[in-house]
Structure formats: structure tokens, C-alpha cells
Amino acid sequence: MRTIDDFTMPVEYLSPIDKFLRDASRDWANKESIPFRRGYDEDWEEHHTIEPAFKKLMGEMGFQRFFFPEEFGGLGFGHSNYAGVGGYRVCEEVSRADSAIGVAFAVLHWPLLLICKEPHVNKRLCAEFAPMFCDTTEPVFAANAMTEPQGGSDIENLDLLSGSTIQTTATLEGDEWVINGHKLWPTNSGGVSKLFGVVCTTKLGSNDPNDFAFIFVPTDLPGVTQGKPYQKAGMAADKNSDIWFENVRVPVWYRAHGPGDDFKYFKEMVAWGNLLSVAFCSGAMLNAYELLRDFCSEKTYRGRPLKENDDIAGVLADIARDIEATRIIGYQGARMLDRPDLYGDNWSDEIVTKMRSFKYFACDRAIDILDRAMNIMGPYGSDRVQDIEKHWRDVKIIQLWLGGKQLGQMEVARWFYDCETL
Ligand SMILES: Cc1cc2nc3c(=O)[nH]c(=O)nc-3n(C[C@H](O)[C@H](O)[C@H](O)COP(=O)(O)OP(=O)(O)OC[C@H]3O[C@@H](n4cnc5c(N)ncnc54)[C@H](O)[C@@H]3O)c2cc1C
């Protein structure tokens, strides 16, 4: 019988420890998440059933140490040339069980990428924050606080707007940054994270990249207030909420890099966020394949298994084709991030654009195949016992973040067709 491992992998450029990453994260998915995921929706606020899965994956298996250099207790992926394909593999396997755990797990690494990854390791900040993540078996989260009430897409529209719409301010007072502002929607907000990376401006309205600041803020500091998590259509394992910063003071060296470089490397974060969104989609799609294969083998129509009917087989074939294509694109994107010597810097407009195109391609395909899976399964597709409707609700949400499909389209059109106003 075919399995998800029969979908194509770029075997010539997988990480040297791919088998370990696959086996460990698949074992986690099969034992720690899939048997319990049907209860996650009701647990969106408390996370009682979700928490053990995080603890195992992040704390006990130690995957929250992924990016930190070995000298600080990390796994050292930040200075390897397979952080992309390795990270993709883990996020795909995790998302096969639950793409919300996939995103919560990936986002803990998101701000850390800025300080842990070559060629821009900030050793002082690594030394400061590594113990929080590396010296414990408890799950520890971080968040990237970027989106604001007046619009998240404009803040991510870095090429055109260069941070000019950011309303969260960072003011230098002596040897401290004083931060004021209101963020909303960050993954791992709602009281989950111990550390925020906060997108700020040092001069309101400025489109000078030097005024874009990325500043780390431990969440227990005076002046940091978090709201309650929002209840969403799905993705219960990812908590999102409001965060208010009121005269929050941090040491001046909590700024990730400084004028110009924060902006530059934040683009890299956007590239990685888009690429790993492909992994969340392909993980959900692989599980949809498994669920659909079983359903269409067992359920009969006119005395034959569903899959033996031509019209159904045609749709199943298209679904397998789309999973093949999405996964190949995802691993190719991961490889492009791993080999800047061949494909250009992770923060280049070209790479950011191409990762955006991969993301919105994957979201379109994932939404489409889950919709078709639901059609094939009929009312069983809507039955929570079948697990497919969960992925159907979750993948739609993947499409909405990072500026949604529309910002993806605008950036792709801008880059490939030299548009000037989009
Ligand atoms: C589950 C989840 C997790 C998230 N995680 C994070 C996180 O970790 N950190 C964080 O900071 N934020 C996060 N977000 C927020 C998310 O990134 C934003 O919601 C998203 O970028 C859109 O911003 P907005 O909601 O302010 O909408 P707006 O920016 O106001 O956009 C509204 C609509 O206009 C469209 N649009 C915007 N710009 C253009 C354009 N130039 N051309 C055409 N159409 C355009 C958008 O696609 C959208 O449809 C998350 C959201 C969700 C749902």
C-alpha cells in the first residue's frame, strides 16, 4: 500500500539528519497529537489537552533549541546549510497532525531567527535568551509582534512602504528603549509567550529603513499587557490576541541589530514565514491524502470501493498531483533559503517574492484539495469524527496571515512585471 512517503522528496538535498527529524516528529504526531486533536477546538482557551503535545515536542524532545548555537545549548541549525529543509520537514510532519501546533512551534523560532542565524548572529542576545529556551524541558514560546490595528499588510509591505505605517514607537532614553504601542494577532500571544520580538519605528511616519527597529521584550516586564485569546474558526492550538506596550523599558542592546539591519533581516523573517506556511499546508494535505485514501478504499458505491469509480479516481488523482507539486515547491523553497550562495540572500526582494508566491500557491492548492475531499466524502466530510473538516477550517486560516493572498499577488506582480504602484 502506498503511504505519504511515496510523495516525492528532493533526496539529494535533505538534511543529513532528515531520517531522525522525520521519525521523531512523525512519532510525536502519531502518539502525542493525532489521538487527541479532535478535542482541541473545545480547548482553544485553556490548552489543557494541547499543552502536553507542546511539552513533548518543544521541551522534552528539545526542538525549541533548533536555532540557537551549540555553545549556548542549542541544536545549531542557525549555522548549518539545512535549517530550511530541516525546519520544513519538522513543520510538515507536525502539521500533518495539527497545523496550528505547526505554526505555534514555527513562530517560537521566528524572532529568534534574527539573532541566531548566520550571517547575523547576535551572540550577546543569544547568551541572554538561550537559557530561557535551552535549559528547560518545559515548552517556552516566543512571538513576532508585527500586526497593528490600522493594518498588518502595510507593515509587511516592506518594499513599497518601508515601515512608514508602523505606530508602535521605540524612543531612546539614556541606555534604554521605551516602547509604546498596540499589536494584535501575533501567534503565541494571549499569555503564551515569554518573549516578544516587537516591530517598532524610531520615527513615526518615516520610510527610512534605518528607523525600523526590531526589539526584544520579555513579556513579564511592567507595561506589557495581553488580552484574552480570540476564538477562531480553527487553529485552536495557536493563541492570538492583543498586546499593549505602555512605557515598556528594555536595555538598548535588546534591539536585534540596529539601523538598516533590522529592516533587512526582518525581510528574511517574512521569507521564512511564507516558506514554512507551505509546510503547514503540505502537512495538512498529506494527512488529507491518508484520510481520503482510507475512506475511498472502505466506502462502497454500486458495490465497488469509491476509488474504483472513474469520476472519483479522477479527482483523487488530481489531489495526489497537487500534493506532489506543493511538496516539491516547498522543499525547493527551503533549499533556496539554505543556499544563499546559489539563490541570493534570504532578505532579497527576489527571495521574499518567490516565497510569497510559493505560499499563496500552496494555500490555494490546500484549500482546493480539502474542498474536493469534503465533496467526495459528502456528509462524512463534515463529521468531526473523520478529521478532514478540521484541516479544511485550518488551511483557510493559513491563507489569511502575512498579508493574505492579495499582498502575495501584489508583491509577485511587482517583482516579475516591474509594477511601480502596487
Ligand atoms: C492565525 C493567525 C496568526 C497570525 N500570526 C501573526 C503573527 O505571528 N504576528 C503578527 O504580527 N501577525 C499575525 N497575524 C496577523 C496577520 O499577519 C494579519 O492579519 C494579516 O497580515 C493581515 O493584516 P490585517 O488583518 O491588519 O488586514 P489588512 O492589512 O488591513 O488587510 C485587509 C485586506 O486587504 C488586503 N490587502 C492588504 N494590502 C493589500 C495590497 N497592497 N493590495 C491588495 N490587497 C491588500 C489583505 O489581503 C486583506 O484581505 C496572524 C493572523 C492569523 C489569522
Side-chain angles (χ1 to χ4, degrees), residues 40-41 44 91 95 98-114 141-168 181-190 192-193 195-200 212 214-215 217 219 226-227 229-245 266 269-270 272-274 276-277 280-281 284 352-353 356 359-360 363-364 367 390-391 393-415 419-422:
Y40 288 177
D41 280 314
W44 63 276
C91 287
S95 300
D98 185 85
S99 51
I101 295 189
V103 66
F105 168 71
V107 167
L108 97 85
H109 303 286
W110 209 11
L112 302 176
L113 181 153
L114 223 74
F141 292 88
N144 168 31
M146 163 185 68
T147 304
E148 297 182 355
Q150 81 285 355
S153 310
D154 287 347
I155 293 177
E156 293 169 38
N157 197 341
L158 295 160
D159 191 23
L160 198 68
L161 297 172
S162 301
S164 55
T165 66
I166 301 168
Q167 298 295 307
T168 301
H182 178 194
K183 299 286 184 183
L184 70 182
W185 278 108
T187 286
N188 299 334
S189 54
V192 170
S193 288
L195 186 65
F196 291 142
V198 187
V199 171
C200 308
F212 180 105
F214 193 89
I215 300 177
V217 176
T219 60
Q226 298 189 57
Y230 314 140
Q231 187 176 16
K232 307 186 295 293
M235 292 234 149
D238 169 21
K239 286 194 190 179
N240 313 87
S241 187
D242 294 66
I243 311 165
W244 292 271
F245 300 94
F266 187 74
M269 283 176 63
V270 172
W272 277 73
N274 278 283
L276 290 177
S277 298
F280 311 146
C281 288
V352 175
T353 300
R356 277 205 186 276
K359 185 229 175 194
Y360 87 76
C363 291
D364 282 352
I367 290 167
K390 173 190 160 39
H391 290 306
R393 287 182 284 118
D394 289 347
V395 297
K396 181 63 196 176
I397 298 176
I398 301 174
Q399 191 185 45
L400 304 178
W401 60 54
L402 281 160
K405 177 171 176 174
Q406 289 85 339
L407 183 59
Q409 290 175 313
M410 294 311 113
E411 294 214 334
V412 171
R414 191 191 303 154
W415 195 83
C419 299
E420 290 179 359
T421 62
L422 295 175

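What you see is a predicted model, and the numbers here were worked out from it, not measured in a lab. Just follow the structure's listing: the first ligand is 1, and inside any ligand the first atom is 1. Quick note: residue numbers are just sequence positions, from 1.
- Taking Ser277 as the reference, Trp401 meet the side-chain hydrogen bond (donor to acceptor under 3.5 Å, both in side chains) condition, with sequence neighbours excluded.
- For the pair Leu276/Val103, no side-chain contact is recorded, criterion being any heavy-atom separation below 4.5 Å from C-beta on.
- Counting only N and O atoms by type, the side chains of Asp238 and Thr187 include a donor and acceptor under 3.5 Å apart.
- Residue Thr187 approaches ligand 1 through these ligand atoms, each under 4.0 Å from one of its heavy atoms: 3 (C), 4 (C), 5 (N), 6 (C), 7 (C), 8 (O).
- Atoms of ligand 1 found under 4.0 Å from any heavy atom of Gln406, numbered from 1 in the order shown, are 43 (C), 44 (N), 45 (C), 47 (O), 49 (O).
- For the pair Met410 and ligand 1, a heavy-atom separation below 4.0 Å is found.
- Taking the six-membered ring where tryptophan is involved, the planes of Tyr230 and Trp185 are perpendicular, since the angle between them exceeds 60° and thus also 30°.
- Considering only heavy atoms from C-beta on, Gln226 stays 4.5 Å or farther from Lys239 through its side chain.
- Under the ring-ring contact (aromatic ring centres under 6.0 Å, His included) criterion, Phe141 pairs with Phe54, sequence neighbours left out.
- The distance from ligand 1 to the heavy atoms of Asn144 drops below 4.0 Å at these ligand atoms: 7 (C), 8 (O), 9 (N), 10 (C), 11 (O).
- For ligand 1 and Gly151, the ligand atoms under 4.0 Å from any heavy atom of the residue are 26 (O), 29 (O), 30 (O).
- The side-chain heavy atoms of Leu195 and Pro111, taken from C-beta on, include no pair separated by under 4.5 Å.
- None of His182, Gln167, Lys183 except one satisfies the side chain to side chain donor-acceptor pair (under 3.5 Å) rule with Glu148; the exception is Lys183.
- What sits closest to atom 41 (N) of ligand 1 on the protein, heavy atoms only, is Asn157 ND2, 3.8 Å.
- Of all protein heavy atoms, the one closest to atom 52 (C) of ligand 1 is Trp185 CE3, 3.7 Å.
- Protein heavy atom nearest atom 17 (O) of ligand 1, with residue, atom name and distance: Leu402 N, 3.2 Å.
- Inclusion of Lys232 in the set of residues having an N or O under 3.5 Å from an N or O of ligand 1 is not warranted.
- Using a 4.5 Å heavy-atom cutoff, the side chains of Phe280 and Ile397 are not in contact.
- Between Gly152 and ligand 1, an N or O atom pair is found at a separation short of 3.5 Å.
- In the vicinity of Trp110, heavy-atom distances shorter than 4.0 Å reach the ligand 1 atoms 8 (O).
- Residue contacts with ligand 1: Trp401 is placed with no nitrogen or oxygen under 3.5 Å of a nitrogen or oxygen of the ligand (distance criterion only).
- Residue Thr147 comes nearest to Gly152 through the heavy atom pair CG2-CA, 3.6 Å, listed as atom of the first residue, atom of the second, then distance.
- Remark: ligand 1 and Leu184 share no N or O pair separated by less than 3.5 Å (distance only, no angle test).
- Per-residue contacts place Asp238 under 4.0 angstrom from the following atoms of ligand 1 (heavy atoms of the residue considered): 1 (C), 3 (C).
- Close N/O approach between Met146 and ligand 1 is found [any backbone or side-chain N/O within under 3.5 Å].
- Between Phe214 and Met269 the shortest side-chain heavy-atom distance falls below 4.5 Å.
- The shortest N/O to N/O separation between Ser153 and ligand 1 falls below 3.5 Å.
- Atom 33 (C) of ligand 1 lies below 4.0 Å from none of the non-hydrogen atoms of the protein.
- Within ligand 1, counting atoms from 1 as listed, the ones closer than 4.0 Å to a heavy atom of Gly403 are 20 (C), 21 (O), 46 (C), 47 (O).
- Polar contact with ligand 1: absent for Gln150 (N/O pair, distance under 3.5 Å).
- Below 3.5 Å of separation, one finds an N or O of Glu156 facing an N or O of ligand 1.
- The shortest side-chain heavy-atom distance between Glu411 and Leu160 does not fall under the 4.5 Å cut-off.
- Tyr40 places a side-chain heavy atom less than 4.5 Å from the side chain of Ile101.
- When side chains are defined from C-beta on, Arg393 counts as touching Asp41, because their heavy atoms get closer than 4.5 Å.
- Taking only nitrogen or oxygen atoms, main chain and side chain alike, Leu407 does not reach within less than 3.5 Å of ligand 1.
- For atom 15 (C) of ligand 1, the choice among Val107, Thr147, Leu422 with the nearest heavy atom turns out to be Thr147.
- For atom 5 (N) of ligand 1, the protein comes within 4.0 Å by at least one heavy atom.
- For ligand 1, the atoms sitting less than 4.0 Å from at least one non-hydrogen atom of Leu400 are 20 (C), numbered in the order shown with element in parentheses.
- The residue Asn188 has no part lying near ligand 1, judged by heavy-atom distances below 4.0 Å.
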